[in-house]
Every structure is written in C-alpha cells, then in structure tokens.
Amino acid sequence: MSRRQETIEGLSLDGRQLLDLLPHPAFVVGVDGDDSFHFAYANDAYRRLLDDGEVPVGDLRLVLPPHALVGHVRAFARAAREVRTVAFEVDWGGGERRRVMAVEVSPVVDDDGRCRHLIGAAHEVTDHRSTQRELAHQTRHDALTELPNRVMLMEWLEDAIACSPEDRFVGLVVLDVDHFKIVNDSLGHEAGDELLAVVARRVDSVLRARDRLARLGGDELAIVCHGVRQVEDVVALARRVQSVFDEAFALTDVPEVFLGASIGVAMSYGIADTPARLLRDADVAMFSAKEQGRSRIEVFDESMRERSVCRLEVETALRHALLHGEFRVHYQPLVHFEHSEVIGFEALVRWDHPEHGLTPPDDFLPIAEDTGLIVPIGAWVLGEACAQAARWAAESSGGHPLTVAVNLSARQLVDPDIVNEVERAVTAAGLDPSLLVLEVTETVLMENHDRAVAVLQALAAMGVRIGIDDFGTGQSSLGYLKVLPVHVLKIDQSFIDGLGKDPEDSAIVEAVVTLAHALGLTVTAEGIETSRQLQALRELGCDLGQGYYFARPQPGEIVRALVHHRFRWSLREPQSA
Ligand code: C2E
Ligand code: CA
Ligand code: CA
C-alpha cells in the first residue's frame with residue numbers, strides 16, 4: 001500500500017490535476033512487474049464513463065471496469081516493455097449503451113530510466129467506426145439482442161482466466177429459458193424474438209459493472225464474472241438473475257408471459273482451465289437443473305459430468321434405435337365392464353435394447369422428451385399402432401372393431417406438424433379415425449393450454465377421439481373439460497390402488513364417474529390389479545378398465561387372442577390382496 005501510495009502521490013500531484021483538466025477519459029496504471037499492473041488513478045471524465053462511478057483503484061485484473069480493458073493487459077505490457085505508445089480500441093458497455101473508445105497507453109519513464117507508470121487516454125470513436133469494425137462487431141455480436149455472442153464469450157473467458165490472480169477465480173453462469181420452444185411455437189417466432197430481447201435486457205439490469213453478458217444462441221445466455229473469491233459469489237449472482245423471472249414479461253401483443261429459467265454455475269480454478277471446459281461444465285450444470293424439474297440453479301460437480309455422458313450415450317443409442325428398428329409396441333387390452341369383453345387396446349412403446357433387453361418407457365422416454373427424439377419415436381408408434389388397428393379391423397368378422405389408444409407427450413402436442421402427422425398415420429393405415437384415441441395427460445394440457453385447445457380441436461374435427469390420461473393428478477380446474485373436445489377420462493392408477501380399502505379413493509372415483517357421465521364422457525380405470533378393485537369399479541359405475549388383472553401389455557400378435565376371451569370376473573372370488 002505504502003509504496004503504491006507514495007509513487008502515485010509522487011507522480012501525480014501535478015499530473016493528477018493535469019489529468020482532471022482533460023476533457024477525455026484518462027487513467028494511470030502502475031507497473032508492478034512484467035505482466036502485473038495496478039489501476040492507480042482515473043480522472044473525472046473516466047469516472048463518468050463507469051456505470052457506478054466507482055473509482056477502480058487496485059489490482060488491475062480485479063477492478064478494471066470497463067472490463068474490456070482486461071483483454072488489453074498485453075497492450076500495457078508492451079507499452080511498458082518497449083517504452084512506446086500502444087493503441088487499441090475498447091467496447092464500453094453493451095446493447096444501446098455500447099460505446100467504442102480508442103485508447104492510447106503511453107509509458108512514463110522515471111529518472112532512472114525505468115517505466116513505473118503508464119498513462120492511458122481514451123476518446124470516443126463510436127460514430128466514426130469503420131465499416132470493417134462494424135463487420136468485426138457483427139461476427140462477435142448477436143443481431144437480435146445486440147449482445148456479444150459465443151465467439152466473444154470465449155475471448156472473454158480466455159482473457160479472464162489468463163488474468164486471474166492466484167486467489168481469484170472466473171465464474172460462469174449459463175441460463176436457459178424453460179419451455180422456450182413452446183412459447184415460440186404458440187406465440188410465433190416474432191414474439192419469441194421479442195421475448196428473448198426483453199429477457200436479455202432484464203438479466204442485464206441485475207448485473208454488476210464487472211459481470212459480462214453474452215448470448216450463446218437460441219434461448220441460452222451466459223454471464224462471465226471475474227475476480228470471484230468463492231463459488232457462493234457466483235451463486236448469489238445466479239439468484240439475482242433468476243429473480244428477474246419472478247415477474248411476467250410484457251410483449252407488444254401479449255401483455256403477460258410467465259417464464260422460468262434453468263441455471264448452471266461453474267468455476268474455473270486456475271490457469272490450466274480452458275474456456276471450452278468452463279462452458280461445458282456450466283452447460284452440464286444447466287442441463288442438470290432442467291432434469292431436476294427446471295426453474296432452478298445447479299452448481300457443476302464431477303458426478304454431473306458422468307451423468308451427462310450417460311445421457312449423451314442414451315441419446316445416441318436412441319437415435320441408433322430409431323434407425324435400426326429397435327422399438328416395439330406392446331398392447332394392453334381395454335375391457336368393457338358391462339359386456340365383459342375387450343373393446344380395444346392401449347399402445348405402449350418398448351425399446352428392445354440389444355444388450356439390456358426389453359426396456360420400459362420410463363427408462364428412456366424422459367430423455368427422448370428432453371432431446372425432442374420423442375417426436376420421431378412417437379410418430380413411429382402412431383404409425384405402427386394405426387397399422388395394427390387397421391389389421392384388426394380387417395380381420396374382425398362383424399362385432400365392434402377394436403380401438404387403439406396412443407399416448408401423446410408434451411413435446412408431441414406442441415409439435416407444429418402433429419395434426420398432419422396423425423392424419424398421415426390414419427390415412428396410410430386406412431384406419432377409421434374414430435377407432436383412434438389419443439391420450440394426453442392433464443398436466444400437459446394445463447401447461448400448454450392454448451396450443452392444446454387448437455390441436456385437440458383439429459384432431460377431433462378429423463374424427464379422432466381424445467382421452468385425458470392420469471386424470472385426477474393434475475390439480476387442475478376442470479373448466480378445460482368444457483372447452484376441449486374430450487371423449488374419455490382415464491382415472492389415474494393411484495386412485496385405483498386403494499379401492500375396496502380406502503374410502504377416500506372410492507369417493508374420488510365415484511366423483512369422477514359422476515362428473516364424466518354428466519359430461520357424456522366414457523370413464524376408464526387404469527392399473528386394475530385385483531378383483532376387489534374391479535368389483536368396486538363396477539359398483540361405482542366405471543365403464544372400462546385395463547390392468548394386470550386382465551392382461552399385461554404384450555406384442556400385437558399375442559394380444560389378438562384375448563379379443564375372444566370373455567372376462568368372467570363375476571365368477572371369481574374377490575382376492576384378498
Ligand atoms: P400411461 O399412459 O399411464 O400407461 C399406463 C402404464 O401403466 C403402462 O406403463 C402400463 O404398462 C402400466 N400398467 C398397466 N396396468 C397396470 C397394472 O395393473 N399395474 C401396474 N403397476 N401398472 C400397470 P408403461 O408401459 O411402462 O408406460 C409408462 C408410461 O410411459 C405411460 O403411462 C405413458 O405415459 C408413457 N408411454 C408409453 N408408451 C408411450 C408412447 O408410445 N408415447 C408416449 N408419448 N408415451 C408413452
Ligand atoms: Ca396412457
Ligand atoms: Ca395413465
């Protein structure tokens with residue numbers, strides 16, 4: 001402190017007054033060693049440039065707002081070493097506040113011939129930037145948000161890592177807007193673009209002067225913070241960023257859009273780190289936040305990397321499975337209680353994994369959903385199920401043709417091509433559309449309400465029937481039943497479990513049956529495992545049921561035989577289980 005103080009005092013009493021008189025921003029940098037500098041003085045004009053007016057005195061690598069100067073430490077080194085004036089340009093601020101400054105750094109040589117100080121002077125060149133500079137700007141900035149892009153982010157990271165003193169680190173925050181694709185698909189791309197720009201501005205507004213914001217592409221933003229002492233500091237920043245999502249976003253045509261964001265945090269712990277690795281770590285942490293239910297912050301740790309490698313392997317294997325026909329459809333019969341016969345099937349996908357054998361959907365559908373692979377997989381299931389149902393219809397001699405129920409996930413429902421996809425499947429198979437039931441869960445409906453209304457209406461107009469899956473678990477208002485063209489309610493298995501034992505479950509099932517019948521809907525119970533449950537369901541007036549009690553899901557060829565089977569449950573004694 002004292003040496004630094006002295007030299008500043010020594011140098012600057014006159015010099016400072018001189019600098020303060022300058023209309024241009026000017027500063028003094030002390031030379032401590034070959035690549036080591038400290039910020040010694042900023043004149044009034046320079047201080048006015050800084051957002052917070054904070055006078056950046058101290059270790060150059062920590063306090064150098066405008067942060068961009070960090071990248072020019074090399075220029076300072078050259079000026080000091082070669083004792084000559086070195087010039088460079090700097091971007092001050094971002095977005096609309098962006099200014100371009102031309103900076104000249106000149107050495108001050110002491111009596112003993114050594115350079116202990118550098119004097120920097122800046123003047124604004126924002127308006128007379130050359131076309132070339134503009135082009136350079138474009139390659140390093142994102143046109144939509146005017147934010148620096150990935151190229152520039154990598155440069156910052158490189159400089160920040162290289163310039164960090166031993167006890168300080170570089171933190172990286174990566175943010176991905178949750179369900180942005182759905183917003184984009186339902187509100188249109190223009191609104192999506194507008195939304196991204198608004199989000200970027202709001203995030204920018206909670207950053208400190210030395211944090212730097214960039215757009216990684218799509219709906220992903222990144223924030224570099226340097227001079228960090230501990231990961232908690234970066235998490236605190238991530239929290240502030242997350243808090244901007246607490247309030248709705250307003251767009252020109254949509255007054256209120258509520259969004260969430262999944263945020264990943266990673267730290268570099270030293271010179272050996274590379275920008276690419278830091279970015280990958282933060283990305284992995286962000287994915288982990290998504291995986292754990294979104295709208296949360298996750299800090300990178302090694303176990304995440306292992307899991308993400310595993311996810312990547314599953315994703316690759318799923319693509320392979322699609323190409324090589326490793327998926328199968330199993331069918332579970334749907335039994336009509338009153339007529340005691342099979343009236344249709346639910347199609348349930350399986351993955352015939354070359355090593356692990358027949359894999360249930362819960363093991364791979366979440367990854368398929370996240371990666372969007374559910375769209376082609378679901379399209380394949382749909383085509384397969386329609387073809388199977390058409391074969392059954394052709395084989396049936398008289399009697400009512402069998403229906404087939406196919407599940408639609410959230411991603412499929414919002415897929416812009418879904419209505420055409422269903423039409424194609426039905427037409428290709430030559431299936432009567434009224435034999436196809438598409439099942440959508442209540443939660444998916446609630447989360448994509450407007451889009452769901454449009455899609456389900458188009459499907460219903462085609463003659464396809466709609467079922468609400470897992471009914472009763474969505475904690476929804478029931479109002480949507482009036483708006484949507486629904487034909488079937490499937491009571492969730494969790495309410496069936498307690499039937500015959502838990503009076504509350506009976507009450508819920510009874511209420512659902514009453515409601516469905518009042519609305520003219522068919523009620524199906526799923527997950528029936530015991531005759532006692534079956535008995536209770538019959539007494540409560542439920543129409544249809546499926547479950548292990550009748551049959552497990554099985555390949556199409558096998559399940560066909562069940563059609564001729566009459567389920568004479570009334571002859572059986574109720575099981576005690
Ligand atoms: P879901 O639509 O609710 O399907 C019913 C699940 O309950 C099936 O599990 C079925 O095998 C199981 N199940 C049927 N009866 C019983 C029973 O008596 N007891 C018990 N414990 N379980 C029973 P599965 O086949 O493992 O499918 C799980 C979920 O995966 C499905 O739940 C559905 O949400 C999803 N899924 C399956 N196939 C597809 C598909 O092709 N596309 C999409 N988008 N989702 C699918
Ligand atoms: Ca289902
Ligand atoms: Ca279900």
Side-chain angles (χ1 to χ4, degrees), residues 51 67-68 91 93-98 137-158 160 170-184 189 191-226 228 233-251 257-268 275-276 278-291 294-300:
D51 298 345
H67 355 252
D91 275 4
E96 282 165 18
R97 283 177 296 154
R98 182 170 154 269
H137 176 85
Q138 279 169 15
T139 59
R140 299 152 102 225
H141 287 78
D142 161 57
L144 175 65
T145 55
E146 265 296 305
L147 286 176
N149 62 14
R150 183 184 289 263
V151 176
M152 195 137 169
L153 175 85
M154 296 314 251
E155 289 175 10
W156 283 342
L157 284 176
E158 187 156 356
V170 182
L172 181 64
V173 175
V174 166
L175 169 160
D176 188 285
V177 178
D178 293 332
H179 301 301
F180 184 74
K181 189 176 180 310
I182 296 176
V183 173
N184 228 3
H189 285 261
D193 282 357
E194 190 188 351
L195 191 57
L196 275 181
V198 177
V199 167
R201 270 204 299 281
R202 228 196 247 178
V203 169
D204 196 35
S205 73
V206 298
L207 303 185
R208 295 160 309 181
R210 78 162 77 114
D211 307 322
R212 308 237 60 194
L213 177 65
R215 182 179 179 205
L216 281 175
D219 54 348
E220 249 186 275
L221 300 176
I223 300 144
V224 182
C225 26
H226 56 93
V228 180
D233 300 346
V234 192
V235 172
L237 170 71
R239 288 222 178 84
R240 278 209 310 282
V241 168
Q242 196 177 42
S243 70
V244 311
F245 290 86
D246 291 348
E247 271 173 50
F249 293 86
L251 304 182
V257 184
F258 282 95
L259 290 176
S262 300
I263 298 180
V265 168
M267 287 267 275
S268 93
L278 192 54
L279 182 58
R280 200 184 53 206
D281 289 354
D283 244 342
V284 165
M286 184 275 289
F287 269 111
S288 165
K290 286 240 183 262
E291 228 174 37
R294 300 186 160 87
S295 283
R296 51 186 292 143
I297 300 169
E298 285 292 316
V299 179
F300 175 80

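By the side chain to side chain contact (heavy atoms under 4.5 Å, CB included) test, N184 pairs with F180, H189, sequence neighbours left out. For E247, the side chain to side chain contact (heavy atoms under 4.5 Å, CB included) test picks out R202, with sequence neighbours left out. Residues satisfying the salt bridge (Lys or Arg N to Asp or Glu O under 4.0 Å) criterion with E291, sequence neighbours excluded, are R307, R311. For the salt bridge (Lys or Arg N to Asp or Glu O under 4.0 Å) test, no residue two or more places apart in sequence or in another chain qualifies with D283. Remark: F287 engages no residue in a ring pair (Phe, Tyr, Trp, His ring centres under 6.0 Å) (not counting sequence neighbours). Listed by chain and residue number, R215 satisfy the salt bridge (Lys or Arg N to Asp or Glu O under 4.0 Å) test with D142 (two or more places apart in sequence, or in another chain).
Under the 4.5 Å side-chain criterion, counting only non-hydrogen atoms from C-beta, F245 is not in contact with I263.
Side-chain polar atoms of S262 and D176 form no donor-acceptor pair below 3.5 angstrom.
Evaluated for a side chain to side chain contact (heavy atoms under 4.5 Å, CB included) with V198, the options V203, V257, L259, L251 yield exactly one hit, L251.
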Could you walk me through whether N149 and H141 pass the side chain to side chain contact (heavy atoms under 4.5 Å, CB included) test, one step at a time?
CA-CA 5 Å; N149 62 14; H141 287 78; 5.5 Å; no
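Using a cut-off of 4.0 Å between Lys/Arg side-chain N and Asp/Glu carboxylate O, R208 and D211 are scored as salt-bridged.
When all heavy atoms of A285 and V299 are compared, the pair lying nearest together is CB-C, 4.1 Å. For the residue pair C225 and V234, the shortest heavy atom distance occurs at SG-CG1, 3.9 Å.
Counting non-hydrogen atoms of neighbouring residues, nucleotides and ligands closer than 6.0 angstrom, the CZ atom of R239 reaches no more than 12 such neighbours.
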